[in-house]
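Take a look at the structure below.
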2 protein chains.
Amino acid sequence: MKKRITLKHIANQFDVSIATVSKALSDSYEISTKTKDKIQQYAKEHHYQPNSVALSLLNKKTKTIGVIIPNIMNNFFAKVFVGIEEKATENGYSLISCISNESHEKELKTMELLKNGTLDGFILSLAEETQVKGQYLHLKNAINEGVPMVMFDRVTDEIKCDKVIVDDFEGARHATNHLIKTGCKRIALISVIDNLSVGKLRAKGYEEALAENDIEVDQKLIVKIGKREDFETAMKIVLADKSIDGLLCLEESSAVQSLEIVKHLNYIIPDDISIICFTNGKLPQYVSPKITTISQHGKYIGEVAAKMLIDRLEGNSETSFQTKVIKTSLIERESTKKIN
Amino acid sequence: MKKRITLKHIANQFDVSIATVSKALSDSYEISTKTKDKIQQYAKEHHYQPNSVALSLLNKKTKTIGVIIPNIMNNFFAKVFVGIEEKATENGYSLISCISNESHEKELKTMELLKNGTLDGFILSLAEETQVKGQYLHLKNAINEGVPMVMFDRVTDEIKCDKVIVDDFEGARHATNHLIKTGCKRIALISVIDNLSVGKLRAKGYEEALAENDIEVDQKLIVKIGKREDFETAMKIVLADKSIDGLLCLEESSAVQSLEIVKHLNYIIPDDISIICFTNGKLPQYVSPKITTISQHGKYIGEVAAKMLIDRLEGNSETSFQTKVIKTSLIERESTKKIN
DNA sequence: ATGAAAGCGCTAACAC
DNA sequence: GTGTTAGCGCTTTCAT
């Protein structure tokens, strides 16, 4: 990189002190118009830009937020990231981003690495492995050191900080109720994310809806499929039960895959079987029939999380930590029957 | 943020100078074992971490790379980002990321903002608007100022820097040839990205393949659909020509949409009509029939781009700029006939 | 074996 | 109106 021009260069250029140049460029009343003019012009011509690293050192603020995302290929997280990015930019913050790739190790290393002054604060969602292992020491340390932090979506009660979460329980409850209202009697829950906090909450919402409607929970209908199992095989076994007439899938890939399997089994959708899934990405919209989804408003969550952190960084927030719960929306499409 | 511990604190603690502490912590032979031991232990106990901003100022290196991506919701770019992230982390670099959102203004502002010492270099792909307008001044400025830069995918000849590009021409040529070899006679090109450099290259590859096979290019089969036009309407008009038996879609959404339209028209895929599209995301794999795609190896491109930049930053690269061309792969699935 | 001093680029309090 | 000084946190050269 070509050496960039500094205050010192300009000062030498005009035989004035560095301080004078600094003041001239900030248009201080202390400096004569003549001096200011020539210095400002020179600075402009030579594309002077204050060195932000020096400013960061001085101000002890970097105007940079660290973002740790489990997986950017996941539509929901990508949307959240877009929201964070937008809000951050709007407020003059940059983003240092890291993909934990669901690895505890990577999450931990990143936090250690970035807690050193590079960042003003963190926004993060827990890696799957972190949630499974329940190892939150790195987060507790950060909190103890006073690192401002906002967690979203995949959170834990063990860490006291600001949080933004999806109303997963209510989303699942509402979706299940919708299936029931449209005539489904035997609704299966398809979860490939039962190891995540959000997966468990969604399952609870499903059970709650059944209870409200006096439908007994049939454990056979609560299908938990692990990452290593073959989804198709597992689903075919489930669908051997021909009485199943509704599917609540806890994320989109399993819904799209289920849709294909169901179609091959010659079910008519939504008449024979209805499908609703979480995460309103492209996948459910582009298949045929289009799948009814529960939107988690990812982008909005990102915006809220960023706003919360920035407010805290700039001292505009209450002293106590807050948890904001974002309501989901049911987006009705072709995989569910209309009410009435 | 609680004040973090500095060399000065430690120095006061033991009534030694800052320099001694610094040396002790870097295990210098100049310092007595006794002093080193107590200082190192104290530092560990109090979680001392060197302030990276101070180090950046000193070393004039931030070990940070700026990444400007047009749209993170795009599967290809998301993959590239993953690749960049992996390679960067591996080499001890952090990423400051920005989504230009296809806006020229945002791209330009970001570059201006980050050229101020925060970054060691840039990796970027041009915003659509930048390519359409052909305004590259911000990039030329950056190059003139000696900012190390690697462009990928959406590049321009006007900027002299390291580049990583997809072999779009060859990918389209190969795919078109594949369609021809499997019996397609009338192949339509469906482009919703004709304003992008890559879109134009792919179209050229298509034409080349036709020429090689002595098939005359029929302009009616070269379908360019703008963002604002209704895709479905446009496609239905195109498909009024019942002689069309092959579709080369230049990106995945249009392919999936076309697939649905074609299915509704009661064509049998691939017998009546074959489809191939660029970008090997989830979409083409989850629909039925699964669409044959051209993989651009997004993640690999990211890795290569990151490696190129890091090599240049660390002085391991040739002086002249290089352009690496990554070959595409055809991933055969159900939307094309088998050869023989 | 330890420390003083300079310097990375900048701002701000305080002279003159 | 302009300059001097100190300091942000750190490393390194050069004393002692």
Side-chain angles (χ1 to χ4, degrees), chain A residues 1-40 42-43 46-64 113-120 145, chain B residues 1-40 42-43 46-64 113-120 145:
Chain A
M1 184 117 54
K2 213 183 288 183
K3 61 194 173 309
R4 79 180 43 267
I5 186 175
T6 67
L7 293 188
K8 199 173 172 183
H9 298 328
I10 306 183
N12 290 337
Q13 201 63 221
F14 295 102
D15 258 322
V16 292
S17 75
I18 296 176
T20 304
V21 178
S22 173
K23 287 174 188 163
L25 290 178
S26 58
D27 218 13
S28 161
Y29 64 93
E30 293 177 273
I31 308 296
S32 73
T33 322
K34 220 176 80 190
T35 317
K36 281 202 286 195
D37 282 351
K38 67 181 182 190
I39 288 181
Q40 285 174 6
Y42 184 89
H46 293 259
H47 306 106
Y48 169 77
Q49 277 194 284
N51 181 319
S52 64
V53 175
L55 289 175
S56 293
L57 183 59
L58 201 58
N59 303 326
K60 296 169 160 242
K61 282 192 208 166
T62 58
K63 287 283 233 173
T64 303
L113 188 72
L114 297 177
K115 272 189 337 189
N116 58 3
T118 350
L119 299 179
D120 292 349
E145 290 168 34
Chain B
M1 182 117 55
K2 214 183 288 183
K3 60 192 176 311
R4 82 181 39 268
I5 184 175
T6 67
L7 293 188
K8 199 174 176 182
H9 298 328
I10 305 184
N12 290 338
Q13 202 62 223
F14 294 103
D15 259 323
V16 293
S17 75
I18 295 176
T20 303
V21 179
S22 173
K23 288 173 186 165
L25 290 178
S26 58
D27 218 11
S28 162
Y29 65 94
E30 294 178 273
I31 308 297
S32 74
T33 322
K34 222 176 79 189
T35 317
K36 282 201 285 195
D37 283 350
K38 68 181 181 191
I39 288 181
Q40 285 174 6
Y42 184 89
H46 293 259
H47 306 105
Y48 169 77
Q49 276 193 285
N51 181 318
S52 63
V53 175
L55 289 175
S56 293
L57 183 58
L58 201 58
N59 302 326
K60 296 169 158 243
K61 283 193 208 164
T62 58
K63 287 283 237 171
T64 303
L113 189 71
L114 296 178
K115 272 189 334 190
N116 57 5
T118 350
L119 298 179
D120 292 349
E145 291 167 33

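In what follows, chains are A, B, ... by sequence order, proteins preceding strands, each numbered from 1. Note: hydrogens, waters and symmetry copies are ignored here, and every other heavy atom, side chains too, is used. A quick note: this is a predicted structure, and the numbers were derived from the prediction, not measured.
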Closest to side chain of [X], choosing from [options]:
{"X": "A/Leu58", "options": "D/dC8, C/dT2, C/dA5", "answer": "D/dC8"}
{"X": "B/Lys23", "options": "D/dC10, D/dT12, C/dC10", "answer": "D/dT12"}
{"X": "A/Ala54", "options": "C/dC10, C/dA5, D/dC10", "answer": "C/dC10"}

Is [X] close enough to [N] that one of its side-chain N or O atoms is under 4.0 Å from OP1 or OP2 there?
{"X": "B/Tyr48", "N": "D/dC10", "value": "yes"}
{"X": "A/Ser17", "N": "D/dT2", "value": "no"}
{"X": "A/Lys61", "N": "D/dC8", "value": "no"}
{"X": "A/Tyr29", "N": "D/dT2", "value": "no"}

When you measure from the side chain of [X] to the backbone of [Y], do you find a donor-acceptor pair of N or O atoms at a distance under 3.5 Å?
{"X": "A/Glu145", "Y": "B/Arg4", "answer": "no"}
{"X": "A/Asn12", "Y": "A/His9", "answer": "no"}
{"X": "A/Asp37", "Y": "A/Lys34", "answer": "no"}
{"X": "B/Asn59", "Y": "B/Lys61", "answer": "no"}

Nearest-Å distance, [atom1] ([X]) to [atom2] ([N])?
{"X": "A/His9", "N": "C/dC8", "atom1": "NE2", "atom2": "P", "result": "9 Å"}
{"X": "B/Lys36", "N": "C/dA1", "atom1": "NZ", "atom2": "P", "result": "9 Å"}
{"X": "B/Leu7", "N": "D/dT11", "atom1": "CG", "atom2": "C1'", "result": "9 Å"}
{"X": "A/Arg4", "N": "C/dC10", "atom1": "CZ", "atom2": "C1'", "result": "14 Å"}
{"X": "B/Asn12", "N": "C/dG3", "atom1": "CG", "atom2": "P", "result": "12 Å"}
{"X": "B/Leu57", "N": "D/dT11", "atom1": "CG", "atom2": "P", "result": "12 Å"}
{"X": "B/Ile5", "N": "D/dG9", "atom1": "CD1", "atom2": "C1'", "result": "13 Å"}
{"X": "B/Asn51", "N": "D/dC8", "atom1": "CG", "atom2": "P", "result": "12 Å"}

Heavy-atom nearest nucleotide on DNA chain C taken for B/Asp15 and for A/Ile18; more 5' hit belongs to B/Asp15
Contact nearer the 5' end of DNA chain C, comparing B/Ser32 with B/Lys60: B/Ser32
Under 4.0 Å, counting only non-hydrogen atoms across every strand here, what does [X] touch: a base, just sugar-phosphate, or nothing?
{"X": "A/Ile31", "answer": "base"}
{"X": "A/Asn116", "answer": "nothing"}
{"X": "B/Phe14", "answer": "nothing"}
{"X": "A/Val53", "answer": "nothing"}
{"X": "A/Leu55", "answer": "sugar-phosphate"}
{"X": "B/Thr35", "answer": "sugar-phosphate"}

Indicate yes or no: at least one non-hydrogen side-chain atom of B/Ile10 is less than 4.5 angstrom from one of B/Ile5.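 Contact flag for B/Ile10/B/Ile5 side chains = yes.
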Is the closest side-chain heavy-atom distance between A/Asp27 and A/Lys36 below 4.5 Å?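 In short, these two side chains touch, coming nearer than 4.5 Å.
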Under-3.5 Å donor-acceptor pair between B/Lys8 side chain and D/dG7 base: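 Per atom types, no contact qualifies.
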